[in-house]
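Remember, it's a predicted structure, so these values are computed and weren't measured experimentally. Counting from 1, the numbers follow the sequence of the chain as shown.
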Amino acid sequence: MASDDRERKERRMSETFRAIRVSRDEAKTQSVDIVEMSTDDLMDGDVDVAVEATTVNYKDGLAITGRGPVVRRWPLIPGIDLAGTVLRSTHAGWQGGDKVVLNGWGVGETHHGAFAGRARLNGDWLVPLPENFSAKDAMAIGTAGYTAMLSVMALEDAGLSPDAGPVVVTGASGGVGSVAVALLSKLGWTVIASTGRPAEAGWLRDLGATEIIDRAELAEPGRPLAKERWAGGVDAVGSHTLANVLAATKYGGVVTCCGLAQGMDLPASVAPFILRGVSLLGIDSVMAPKPRRLRAWKRLAEDLDPAKLRAIATDIDFDGIVDAAGKIIDGQIRGRVVVDMS
Ligand code: NDP
């Protein structure tokens, strides 16, 4: 009887919500549907969150289009970023009403993700929403912006400062790139923005770029060492672009690497490392330890100009997520998209 009561109570507590679900049939053909799901369908976790805002990152684009092996459990709700309010929690660190942010930790890859009205998560994955950000602000930043901050912190931690010379940002019109341009310029760096979209030059200058270069300059195979042009780099593109960034980095310079928009290969030589003492630093946001995440979000709250954040973000609604996923993979999204889920 007691267990019947408990079951009835639990059933009453289950809620339904809309979600994007990616599935695969026996032939491994992927399909994407908008479905009604229930909190009973969610995976294990000790914190339930009402999702108020999410976003579409490059990785979400790969997950929804199936153009990269992001989803590793089927069927799955994709979406690697969310901001919202805790509904219920059995985790010591969180209680109902807390405002939280989630980036990564395999959410949207192996654990049901952000493209749903509700998420059930491990409380250890969550960070508090910084006080001066709304849920939508946090998603205008999202994993891309938080990765841009991790990249800037890596340059600083390596001892590089604006007086060393300019810093180049590749994929500058994209999510990581645009936030990196805004952050670096606010911190006093001279920013060279590399983009394939000359029409966005004005927008990039407004974000803080002082020079715009055509990404075609960096996209083809180049020499192992080139004329020294910049002291540092924030690269989200990989492949020949990163190889050419390294080849043109000044003596003692530092380059961060987080992405593969051009390709996963790195057709470079050791010359910049052994002849100019250049350092290449890898950036991972997904499994970054909590203290580093907290530091990155604190720095974003301090160092990201709110007006520039507004200029970077475009609002879409839940029904626009699938379309935005295709566009980001085709390089047609400028800056960041924010999905209002409230
Ligand atoms: P976006 O699609 O928003 O930005 C990528 C940008 O790269 C595009 O806007 C475009 O900029 C440029 N680009 C696209 N295709 C090419 C190409 N073929 N050759 C050269 N440049 C190209 O993606 P995000 O900013 O969200 O992510 C960027 C990369 O970083 C992705 O690979 C993503 O997976 C990775 N990433 C990695 C993280 C980590 O933890 N390591 C975290 C977040 C992102 P433009 O038009 O200005 O040339």
**Message:** Evaluate R21 against S23 for side-chain contact (heavy atoms from CB on, under 4.5 Å), listing each step before the verdict.
**Reply:** CA-CA 6 Å; R21 188 182 62 195; S23 320; 3.8 Å; yes
**Asked** Given V152 and L187, is the side-chain contact (heavy atoms from CB on, under 4.5 Å) satisfied, shown in steps?
**Response** CA-CA 10 Å; V152 172; L187 292 166; 3.6 Å; yes
**Message:** Go through it in stages, so that I can follow the logic: the residues are S31 and D25, the test is side-chain contact (heavy atoms from CB on, under 4.5 Å), and I'd like the CA-CA distance, side-chain angles, deciding distance and then a yes or no.
**Reply:** CA-CA 8 Å; S31 56; D25 64 16; over 6 Å; no
**Request:** For the pair H91 and D124, evaluate side-chain hydrogen bond (donor to acceptor under 3.5 Å, both in side chains) and give the outcome as yes or no after the intermediate values.
**Result:** CA-CA 8 Å; H91 184 282; D124 292 343; 2.7 Å; yes
**Derivation and outcome, side-chain hydrogen bond (donor to acceptor under 3.5 Å, both in side chains), residues N103 and W297** = CA-CA 11 Å; N103 308 113; W297 276 100; 3.0 Å; yes
**Message:** side-chain hydrogen bond (donor to acceptor under 3.5 Å, both in side chains) for T85 and E52? Distances and angles first, verdict last.
**Reply:** CA-CA 7 Å; T85 302; E52 286 158 8; 2.6 Å; yes
**Request:** Apply side-chain contact (heavy atoms from CB on, under 4.5 Å) to the pair H240 and E220, showing each step before the final yes or no.
**Result:** CA-CA 6 Å; H240 292 296; E220 299 298 325; 6.0 Å; no
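The number of heavy atoms from other shown groups lying within 6.0 Å of NZ (K290) is above 12. In this structure, R73 places its CZ atom where only 12 or fewer heavy-atom neighbours from other residues, nucleotides or ligands lie under 6.0 Å away. No more than 12 heavy atoms of other residues, nucleotides or ligands sit less than 6.0 Å from atom CD of Q95. In the displayed structure, D330 atom CG is contacted under 6.0 Å by more than 12 heavy atoms of other residues, nucleotides or ligands.
Here D340 contributes atom CG and F318 contributes atom CZ; the two are 12.5 Å apart, rounded to the nearest 0.5 Å. Note that CG of L126 and CH2 of W94 are 5.5 Å apart. Values are rounded to the nearest 0.5 Å. Interatomic distance, CZ of F115 versus CD1 of I80, reported as 8.0 Å (0.5 Å rounding).
In this structure, F133 and I141 have side chains that are in contact, with non-hydrogen atoms separated by less than 4.5 Å. V127 has its side chain out of reach of V100: every pair of non-hydrogen atoms, C-beta onward, lies at least 4.5 Å apart. For the pair T256/L155, a side-chain contact is recorded, criterion being any heavy-atom separation below 4.5 Å from C-beta on. The closest side-chain heavy-atom distance from D33 to I20 is not below 4.5 Å. Here the side chains of K327 and V337 are not in contact, with every heavy-atom distance at 4.5 Å or above. Between Y251 and P272 the shortest side-chain heavy-atom distance does not fall below 4.5 Å. Taking 4.5 Å as the limit, every side-chain heavy atom of D60 sits out of range of all side-chain heavy atoms of T143. Using a 4.5 Å heavy-atom threshold, the side chains of M43 and H112 count as touching.
R292 has no carboxylate O lying under 4.0 Å from a charged side-chain N of D284, or vice versa, which leaves the two without a salt bridge. Note on E131 versus K99: no salt bridge recorded, every NZ/NE/NH1/NH2 to OD/OE distance being 4.0 Å or above. Using a 4.0 Å cut-off between a side-chain N of Lys or Arg and a carboxylate O of Asp or Glu, R18 and E36 do not qualify as a salt bridge.
For D48, the side-chain hydrogen bond (donor to acceptor under 3.5 Å, both in side chains) partners two or more places apart in sequence, or in a different chain, are R88, R120.
Contact detail for S285 and T147: the closest heavy-atom pair is CB-OG1, 3.2 Å. In terms of heavy-atom proximity, R118 sits nearest to A50 at NH1-CB, 3.6 Å. For T65 against A325, the heavy-atom pair with the smallest separation is CG2-O, 4.0 Å. The shortest heavy-atom contact between M37 and A19 is SD-CB, 3.7 Å. Heavy-atom minimum distance, W230 versus P166: CB-O, 3.4 Å.
Within the structure, salt bridge (Lys or Arg N to Asp or Glu O under 4.0 Å) contacts touching residues 197-215 (residues at least two apart or in different chains) are E200-R334.
Judged by distance alone, the side chains of Q262 and T241 do bring a donor and an acceptor atom under 3.5 Å apart. S38 and D41 are not linked by any side-chain donor-acceptor pair at a separation below 3.5 angstrom, with hydrogens and angles left out of the test. In summary, the side chains of T55 and D81 do not present any donor paired with an acceptor at a separation below 3.5 Å, with no hydrogens or angles considered. Between the side chains of S194 and T170, no donor-acceptor pair of N or O atoms lies under 3.5 Å. At a cut-off of 3.5 Å, with distance as the only test, no side-chain donor of S178 or K308 sits close to an acceptor on the other residue.
The residue from L184, T195, V245 that alone fulfils the side chain to side chain contact (heavy atoms under 4.5 Å, CB included) condition with V169 is L184.
A centroid separation of less than 6.0 Å is found between the aromatic rings of W125 and H111.
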